[in-house]
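We count ligands from 1, going down the list as the structure has it; atoms in each ligand are counted the same way. Numbers for residues simply follow the sequence, beginning at 1.
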Amino acid sequence: MKTVLITGSTSGIGLGIAREFAKTKQYNIIFNGLEPNGQEIADGVGKEFGLQVMFSNANMLKPEELRKMVSDAIAKFGKIDVLINNAGIQHVSPIEDFPDEKWNAIIGINLTSAFYLSKAVWPGMKERKFGRIINIASAHGLVASEFKSAYVASKHGIVGFTKTLGLEGAPFNITVNAICPGYVKTPLVEKQIADQAKAHNMSADDVVNKVMLYKQAVKNFVSLETLGQTALLLAADHASTITGTAIPVDGGWNAQ
Ligand code: NAD
């Protein structure tokens with residue numbers, strides 16, 4: 001059995017990816033997130049697929065909690081083979097009103113937590129000559145949209161971080177890649193529809209059709225299954241020559 005640690009996996013994309021890993025029955029899963037029923041969600045997936053799971057509510061803004069999550073996971077499962085840095089938040093606002101504390105939280109959660117966690121799992125991966133780090137960036141890791149200064153900066157940052165660790169991991173069979181999803185209908189996006197409606201002075205329906213899916217050639221939200229299967233491909237033994245990439249899974253948004 002391999003072990004995968006997925007941050008922010010008690011909601012949205014992280015939970016969707018966890019379920020795709022669970023279906024293979026080849027991974028122990030470490031769940032993480034701030035949802036108060038996180039343990040229940042983790043146990044539910046474990047029971048459904050007959051897997052060993054662990055849950056940690058480590059806060060991405062607290063490095064000591066992140067290091068403890070990694071050491072607890074290693075104590076329980078012996079190793080971490082795959083790290084998926086997925087936890088993330090969004091805030092939509094014109095720059096002049098953008099709250100300082102939102103900027104710091106977005107950079108801390110979306111970018112800096114990946115630094116702490118990658119650093120913590122790295123020695124074990126290097127020693128075993130196997131590691132897969134997958135960063136859930138965004139189409140906004142490759143292009144920008146107005147009113148998302150901190151988010152776009154954090155996602156471009158994680159793409160740069162991915163390339164750097166891809167190079168550093170190459171001698172040790174540690175691959176590091178980013179997945180760049182277009183819009184996925186999760187709680188993060190549901191909340192953003194309301195915020196964007198305010199920022200653009202539009203109705204919620206207009207935000208979905210004229211702002212969000214406007215940029216995607218394929219006029220559908222990206223599915224959790226597509227993202228989970230992309231992550232599984234990157235995690236595979238045979239994916240050893242795919243590294244340092246930022247793979248758009250965005251319905252053609254970045255083709256334009
Ligand atoms: P979500 O709100 O459904 O889930 C986010 C998860 O992160 C939750 O489990 C939450 O508890 C966790 N989290 C947030 N702050 C945390 C903190 N301080 N400490 C620990 N956990 C924390 O959002 P989602 O849409 O599933 O987003 C997941 C990732 O995918 C994010 O990095 C997001 O930027 C990225 N993404 C989302 C979309 C989309 O359209 N939904 C598109 C591209 C990229």
Side-chain angles (χ1 to χ4, degrees), residues 5-20 29-42 45 55-66 68-70 84-92 101-102 104-114 116-117 134-145 148 150-159 161-162 178-196 207-208 211-213 215-216 220-228 230-231 246-251 253-254:
L5 189 166
I6 310 172
T7 67
S9 47
T10 45
S11 176
I13 294 174
L15 180 54
I17 292 175
R19 292 186 62 82
E20 293 303 311
I29 304 177
I30 298 124
F31 287 83
N32 158 263
L34 298 183
E35 282 64 33
N37 59 340
Q39 183 73 56
E40 221 175 287
I41 292 170
V45 176
F55 169 71
S56 160
N57 64 357
N59 189 320
M60 293 297 120
L61 292 170
K62 299 193 174 152
E64 64 287 358
E65 292 188 12
L66 298 180
K68 182 167 186 313
M69 172 170 66
V70 167
I84 304 186
N85 290 306
N86 164 79
I89 60 165
Q90 172 65 286
H91 184 78
V92 179
E101 62 278 10
K102 286 284 181 196
N104 287 326
I106 288 174
I107 300 295
I109 295 167
N110 296 11
L111 177 58
T112 312
S113 69
Y116 288 121
L117 286 169
I134 300 167
N135 297 319
I136 306 304
S138 168
H140 283 119
L142 304 168
V143 291
S145 296
K148 296 186 175 177
Y151 188 83
V152 171
S154 73
K155 296 301 186 179
H156 276 64
I158 197 115
V159 167
F161 180 65
T162 301
I179 297 175
C180 299
Y183 280 101
V184 191
K185 208 149 190 211
T186 66
L188 179 142
V189 163
E190 301 276 8
K191 176 180 176 295
Q192 210 192 116
I193 294 173
D195 291 350
Q196 288 246 34
V207 166
V208 170
V211 179
M212 293 182 163
L213 298 184
K215 297 188 176 176
Q216 293 187 195
N220 288 324
F221 285 99
V222 177
S223 78
L224 296 176
E225 188 183 10
T226 305
L227 295 172
T230 307
I247 302 175
V249 183
D250 66 358
W253 177 346
N254 269 279

Please determine if [X] has a nitrogen or oxygen closer than 3.5 Å to a nitrogen or oxygen of ligand 1.
| X | value |
| --- | --- |
| Gly14 | no |
| Ser138 | no |
| Ala139 | no |

Please confirm whether [X] approaches ligand 1 to less than 4.0 Å, judged on its heavy atoms.
| X | value |
| --- | --- |
| Ser113 | no |
| Lys155 | yes |
| Ala105 | no |

Next on the checklist: Against Thr10, only a single residue in Glu40, Glu35, Gln39 fulfils side-chain hydrogen bond (donor to acceptor under 3.5 Å, both in side chains); can you say which?
Outcome noted: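 So, applying the side-chain hydrogen bond (donor to acceptor under 3.5 Å, both in side chains) to Thr10 and each of Glu40, Glu35, Gln39, only Glu35 qualifies.
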Main-chain N/O of [Y] paired with [X] side-chain donor or acceptor, under 3.5 Å:
| X | Y | answer |
| --- | --- | --- |
| His91 | Lys148 | no |
| Lys155 | Val143 | no |
| Asn110 | Tyr151 | no |
| Asn59 | Leu61 | yes |
| Gln216 | Tyr183 | yes |
| Asp250 | Pro181 | no |

Top protein contact for [atom], by heavy-atom distance:
| atom | value |
| --- | --- |
| atom 8 (C) of ligand 1 | Glu35 OE2, 3.4 Å |
| atom 38 (C) of ligand 1 | Ile13 CD1, 3.8 Å |
| atom 12 (C) of ligand 1 | Gly8 CA, 3.7 Å |
| atom 1 (P) of ligand 1 | Ser11 OG, 3.6 Å |
| atom 19 (N) of ligand 1 | Met60 N, 2.9 Å |
| atom 23 (O) of ligand 1 | Leu188 CB, 3.2 Å |
| atom 43 (C) of ligand 1 | Pro181 O, 3.4 Å |
| atom 13 (N) of ligand 1 | Ala87 CB, 4.1 Å |

[X] vs [Y] side-chain heavy atoms within contact, under 4.5 Å:
| X | Y | result |
| --- | --- | --- |
| Met212 | Gln192 | yes |
| Leu142 | Pro248 | yes |
| Met60 | Leu117 | yes |
| Arg19 | Leu224 | no |

Identify, by atom number and element, the atoms of ligand 1 in contact range of [X], meaning under 4.0 Å from any of its heavy atoms.
| X | result |
| --- | --- |
| Ala58 | 19 (N), 20 (C) |
| Gly12 | 3 (O), 26 (O) |
| Pro187 | 3 (O) |
| Val189 | 39 (C), 40 (O), 41 (N) |
| Gly88 | 5 (C), 7 (O), 31 (C), 32 (O) |
| Gly182 | 40 (O), 42 (C), 43 (C) |
| Tyr151 | 33 (C), 34 (O), 35 (C), 36 (N), 43 (C), 44 (C) |

Please work out whether any backbone atom (N, CA, C, O) or any side-chain heavy atom from C-beta onward of [X] is under 4.0 Å from ligand 1, and answer side chain, backbone, both or neither.
| X | answer |
| --- | --- |
| Phe221 | neither |
| Cys180 | neither |
| Ala137 | backbone |

Between atom [atom1] of [X] and atom [atom2] of [Y], what is the distance when rounded to the nearest 0.5 Å?
| X | Y | atom1 | atom2 | value |
| --- | --- | --- | --- | --- |
| Gln90 | Ser154 | CD | OG | 8.0 Å |
| Asn85 | Tyr116 | CG | OH | 13.5 Å |
| Ile107 | Ile158 | CD1 | CD1 | 10.5 Å |
| Ser56 | Ile30 | OG | CD1 | 9.5 Å |

For [atom], which of the options [options] provides the nearest non-hydrogen atom?
| atom | options | result |
| --- | --- | --- |
| atom 22 (C) of ligand 1 | Leu111, Asn59, Val249, Leu34 | Leu34 |
| atom 40 (O) of ligand 1 | Asn86, Thr10, Val184, Ile109 | Val184 |
| atom 25 (O) of ligand 1 | Asp250, Ile89, Thr186 | Thr186 |

Checklist entry - Hey, which of Ile6, Val189, Leu227 is the one that makes side chain to side chain contact (heavy atoms under 4.5 Å, CB included) with Ile13? => result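 When side chain to side chain contact (heavy atoms under 4.5 Å, CB included) is applied between Ile13 and each of Ile6, Val189, Leu227, only Leu227 qualifies.
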